[in-house]
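Report on the structure given below.
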Amino acid sequence: MSRPLHFAIMAAKQAHLTRESTEPMYNPTDVEERWQAFWEQNRTNEPNLNEAADPFYNLMMFPYPSAEGLHVGNLYAFTGADVHGRFQRLRGHDVFQPAGFDAFGIHSENFALKVGVHPMDLIPGNIANFTRQLKRAGIMYDWTHTVDTTDPEYYRWTQWIFLQLYKAGLAEKKEAAVNWCPSCKTVLANEQVISGRCERCDSVVGQKILSQWFFKITEFSQRLLDNLEWIDWSETTRTAQRNWIGRSEGATLRFRLAEESDEAVSVFTTRPDTIFGATFLVLAPENPLVDSFVSGAQRAAVDEYLAATAALDLVERKKADKEKSGVFTGGWAVNPATGENVPVWIADYVLMEYGTGAIMAVPAHDQRDFEFARTYGLPILPVVAPAGSVDEGADPAQVSVAVGDTAFVEHSVDEILINSGSFSGRPASQAGLAIVESLAERGLGDATVNYRLHDWCISRQRYWGPPIPVIYCEECGVVPVPEEDLPVVLPRLEQFKPSDDGIAPLAKSADFYEVECPDCGGAARRETDVSDTFLDSAWYFLRYPSTDFSDRAMDPDMTRRWLPVDTYIGGEEHSVLHLLYSRFITMVLHDLGHVEFEEPYKKFRKHGLLIRNGSKMSKSRGNVVSPDQYIGSHGADTFRAYLMFLGPYTEGGDFRDRGIAGPHRFMQKVWDAVHASLEAEAGGEAEAGGEDGRLDENIERKLHQTIKQITEDFADLCFNTGIAALMEYLNAIRADGRAPRRAEVEPLVIMLAPVAPHLCEELWGLLGGQPSLFDHAVWPEYNASKLVADSVRIPVQVNGKLRGTVEVPRGANADTVREVALEEEGVRRHLEGVEVRKTIHVPDRLLNFVVG
RNA sequence: GCGAAAGUGGCGGAAUCGGUAGACGCGCCAGCCUUAGGAGCUGGUGGCCUUUGGCCGUGGGGGUUCGAGUCCCCCCUUUCGCACCA
């Protein structure tokens with residue numbers, strides 16, 4: 001028997017056989033369908049974007065609409081954001097909560113290739129299915145402002161953004177060694193290479209020299225870093241971005257060629273204090289300066305090494321524990337500090353993409369250089385003495401320190417320089433600056449800052465993306481597509497499989513690429529690469545409020561009213577990629593005068609990961625859960641409550657089938673409580689439990705405590721404890737077996753509404769409220785004076801061990817409490833025959849006798 | 001290796017300006033109701049002991065304190081991110 005049918009039969013039997021009252025059974029499917037229809041018909045989830053008095057932009061990361069449909073991991077993310085949005089709405093904000101679909105990209109394209117259906121045919125069905133599921137889950141989306149990145153009316157403006165960057169000189173085409181995934185047959189951004197492998201298919205990433213479009217995000221490194229100081233984001237996310245940007249302070253030092261020559265090698269170092277110990281130089285194999293140094297005798301050895309390195313894939317090469325290898329060029333350079341000649345080597349542990357592609361090697365004080373020097377018998381010269389190792393009165397210029405088994409890397413104020421000319425004797429942590437200044441005077445160095453961040457390669461030799469809006473003319477060169485000619489529509493190609501040669505699928509379509517030059521009218525060729533999916537998602541939130549405007553990307557009034565985003569909720573996996581790119585694009589648009597803010601998200605919070613049976617949900621593990629099954633059997637409200645209750649939202653949790661029973665009962669009990677209250681009212685017991693219409697003092701206190709707790713919890717996304725507080729409250733009003741009163745259940749219905757919107761709409765209506773609850777209910781306020789009772793029960797300890805509790809008037813002084821405590825049997829027993837040396841009293845919290 | 005977070009009952013998790021550890025829920029136990037129960041109701045539920053009482057207990061070991069899950073030091077484990085970044 002199917003599960004839903006089984007439940008339905010059980011429910012019917014139960015209603016028939018065990019219920020004495022006439023109250024209707026809670027049928028989630030019925031309730032939910034009715035209220036979803038009501039919201040849609042009455043457009044309750046569509047704030048008036050022009051007139052909203054108190055705008056609140058509640059954003060969640062838009063999904064990739066997969067063919068499998070929404071899984072509970074998606075829904076977990078959306079539900080948390082939705083609870084927050086509904087809560088903000090009940091608190092009086094005009095909440096704008098739009099939905100969209102990130103439907104371009106390799107993911108869709110690969111799936112389309114696999115099943116042999118064109119993505120243009122596939123995507124609309126997927127979007128329809130996602131939409132159905134999201135509506136069924138009761139997410140409060142404004143469906144009149146959706147975004148689909150594959151819609152020409154959207155990517156027209158993605159292309160427009162490219163043009164703005166191009167005009168501002170922030171997009172440039174250059175030949176570059178790029179990460180190349182041999183399986184996906186496309187270029188990958190550095191961010192998409194995980195430990196040398198493709199983030200999507202896990203293939204080992206190779207390198208290829210191609211002409212690619214880059215966005216100059218590195219020009220914004222420092223701003224992207226600085227703003228992290230003040231934006232209200234999860235600390236872990238900010239740390240991840242900081243690490244990714246990877247600022248290091250140091251110096252660029254120049255080593256001239258030993259032979260008479262103007263040429264010099266620049267190296268970046270964070271340890272200029274150790275330059276007197278730089279006993280050799282190392283170039284990256286790809287460094288163009290290599291040829292300047294290679295002497296005839298070494299030519300063959302060098303060529304052999306370069307060939308061997310080129311054959312290594314990135315995973316092999318970047319293994320930190322790999323034995324260091326390299327080759328001597330035969331050339332020499334001059335250490336700018338000592339004036340001595342040092343040999344110039346080539347080694348693959350030096351990377352071309354960081355710093356200058358060359359390093360000064362200080363084997364005594366850098367572990368990698370140390371290993372290299374040991375392997376090839378190069379000199380190791382200590383120039384930093386460990387703390388306390390230099391005798392007082394000794395001349396630091398003459399001191400020598402034994403070389404250990406590893407490099408000595410400490411360099412605080414306690415370590416001092418030795419063998420460093422006039423800088424000997426200075427603390428290592430301070431000498432670097434002085435050395436750089438002295439070298440700078442001779443034009444041999446500068447203090448510099450280096451970043452790990454690279455420019456963003458946005459070119460993709462794939463099909464399923466927005467064409468990059470550029471035309472190449474033999475006469476005029478690179479010509480941007482005029483803005484009025486946008487969009488450059490992606491044509492429907494039946495053969496769009498990528499090929500090994502790095503030539504994009506669109507390059508096979510002459511209809512697409514043969515164009516007239518917009519400037520001279522001559523024959524020209526359209527760019528056939530498409531742009532990175534991350535560009536689509538870098539600005540979608542700017543589009544939502546302006547989807548009604550077809551003549552501009554962002555309407556200034558709408559943008560001013562609704563942006564920046566008030567709360568952004570999304571997964572941690574986007575901590576560096578999407579979040580950094582969207583900050584960058586926003587910053588550029590700010591500088592160009594298109595938006596007034598430079599940070600797009602006022603507040604960002606990551607949600608945790610939903611796992612199942614101890615591991616991340618994935619198709620390969622076979623532990624993916626579809627929400628449809630649970631919504632069908634228990635209803636969306638129960639399922640939402642379960643997801644929000646299973647653990648702290650920001651940390652995620654384990655999805656277990658049995659756990660849903662708790663929230664299921666809770667919904668049922670809330671339903672019962674409201675009906676019991678109404679029945680009692682109808683039966684004339686209207687104000688049962690309180691003659692004067694006031695709540696019982698204990699219940700009232702519990703209510704105010706609950707309001708305080710849940711208001712704080714829902715604002716902080718602590719949904720599990722918020723729901724627990726509501727459960728406690730329900731337990732309290734049910735405690736003595738009488739029917740709950742209207743004044744007790746009404747606030748419960750309002751406070752539960754963000755989590756269980758359909759059920760609460762229904763109950764709100766039954767209680768006589770005007771629909772929609774979200775438009776007419778007022779979030780309850782607590783009264784601080786009603787949070788505490790007149791008397792408090794406080795623990796009494798003897799030597800820190802609990803020996804009893806006593807009830808005393810609130811604010812009672814130490815003497816009063818002590819007097820009462822001494823009456824307590826358990827306390828007295830432990831004070832017999834011992835001397836009380838001291839009493840610790842924390843008003844309204846505790847009393848502790850210190851004895852013995 | 002570096003960085004970040006975390007380690008609490010059978011389970012998910014509460015509680016950190018230091019102040020009754022285990023809220024809330026699952027599961028389990030007992031009772032009630034029922035022809036029946038993956039239904040409902042009531043009560044119980046950290047471990048141990050010589051059980052009107054007491055001891056132990058928040059990964060392990062030290063420390064500070066009248067008092068430590070919470071603060072400090074050392075160690076172990078797990079998860080995640082980065083990883084030859086000069």
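In what follows, chains are A, B, ... by sequence order, proteins preceding strands, each numbered from 1. Note that the coordinates shown come from a computational prediction; the quantities given were computed from them, not determined experimentally.
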Does one side chain, of [X] or [Y], offer a donor that lies under 3.5 Å from an acceptor on the other?
X         : Y         : value
Asp455(A) : Thr218(A) : yes
Thr448(A) : Thr252(A) : yes
Gln222(A) : Tyr451(A) : yes

Applying ring pair (Phe, Tyr, Trp, His ring centres under 6.0 Å), can you list everything that pairs with [X], at least two apart in sequence or on another chain?
X         : value
Tyr349(A) : Phe372(A)
Tyr76(A)  : Tyr649(A)
Phe639(A) : Tyr630(A)

Using a cut-off of strictly less than 4.0 Å, decide whether Arg656(A) has a side-chain nitrogen or oxygen near OP1 or OP2 of C11(B).
-> no
Report yes if at least one side-chain N or O of Arg452(A) is closer than 4.0 Å to OP1 or OP2 of A86(B); otherwise report no.
-> no
To the nearest angstrom, how far is [X] atom [atom1] from [N] atom [atom2]?
X         : N      : atom1 : atom2 : answer
Arg271(A) : A86(B) : CZ    : C1'   : 11 Å
Ile611(A) : A6(B)  : CD1   : P     : 16 Å
Lys838(A) : U65(B) : NZ    : P     : 10 Å
Phe849(A) : U65(B) : CZ    : P     : 22 Å
Gln367(A) : A86(B) : CD    : P     : 15 Å
Leu610(A) : C80(B) : CG    : P     : 16 Å
Leu351(A) : A86(B) : CG    : P     : 11 Å
Trp244(A) : C80(B) : CH2   : C1'   : 15 Å

When we call it a touch if two heavy atoms are under 4.0 Å apart, what does [X] touch: a base, just sugar-phosphate, or nothing?
X         : answer
Thr839(A) : nothing
Lys669(A) : sugar-phosphate
Val350(A) : base

[X]: which residues meet the side chain to side chain contact (heavy atoms under 4.5 Å, CB included) condition with it, sequence neighbours left out?
X         : result
Lys801(A) : Arg803(A)
Glu712(A) : Lys708(A), Tyr782(A)
Glu229(A) : Arg242(A)
Pro272(A) : Ala251(A), Thr269(A), Val436(A)

Could you give the distance separating [M] and [N] at their [atom1] atoms, to the nearest angstrom?
N      : M      : atom1 : answer
G81(B) : U70(B) : C1'   : 27 Å
G22(B) : G46(B) : P     : 9 Å
G59(B) : U8(B)  : C1'   : 10 Å
G57(B) : C48(B) : C1'   : 10 Å
G44(B) : U64(B) : P     : 41 Å
G3(B)  : C66(B) : C1'   : 39 Å
A36(B) : A21(B) : P     : 45 Å
U51(B) : G40(B) : C1'   : 35 Å

Along nucleotides 13-24 of chain B, 5' to 3', which nucleotides get a B, which get an S, and which get a -, given that the test is a protein heavy-atom distance under 4.0 Å?
-> SS----BB--BB
Can you check each nucleotide of nucleotides 49-57 of chain B against protein heavy atoms at under 4.0 Å and return B for base, S for sugar-phosphate only, - for none, in 5' to 3' order?
-> ----SSSS-
Check RNA chain B for consecutive Watson-Crick or G-U pairs with both distances under 3.5 Å and list the runs of at least three as stems.
-> B:1-7 with B:76-82, B:10-12 with B:24-26, B:27-32 with B:40-45, B:46-49 with B:53-56, B:59-63 with B:71-75
Of all residues at least two apart in sequence or in a different chain, which pass the salt bridge (Lys or Arg N to Asp or Glu O under 4.0 Å) check with Arg254(A)?
-> none
The salt bridge (Lys or Arg N to Asp or Glu O under 4.0 Å) partners of Glu651(A) (sequence neighbours excluded) come to none
Closest-nucleotide 5' rank along RNA chain B - winner of Glu235(A) and Tyr451(A) | Glu235(A)
With the side chain defined as heavy atoms from C-beta on, Asp366(A) is closest, among A5(B), G27(B), A86(B), to A86(B)
Is the glycosidic torsion of G7(B) within 90° of 0, making it syn, or is it anti?
-> anti
Met25(A) and Gln668(A): side-chain contact (heavy atoms from CB on, under 4.5 Å), yes or no, with the steps?
-> CA-CA 9 Å; Met25(A) 278 306 300; Gln668(A) 189 69 55; 4.1 Å; yes
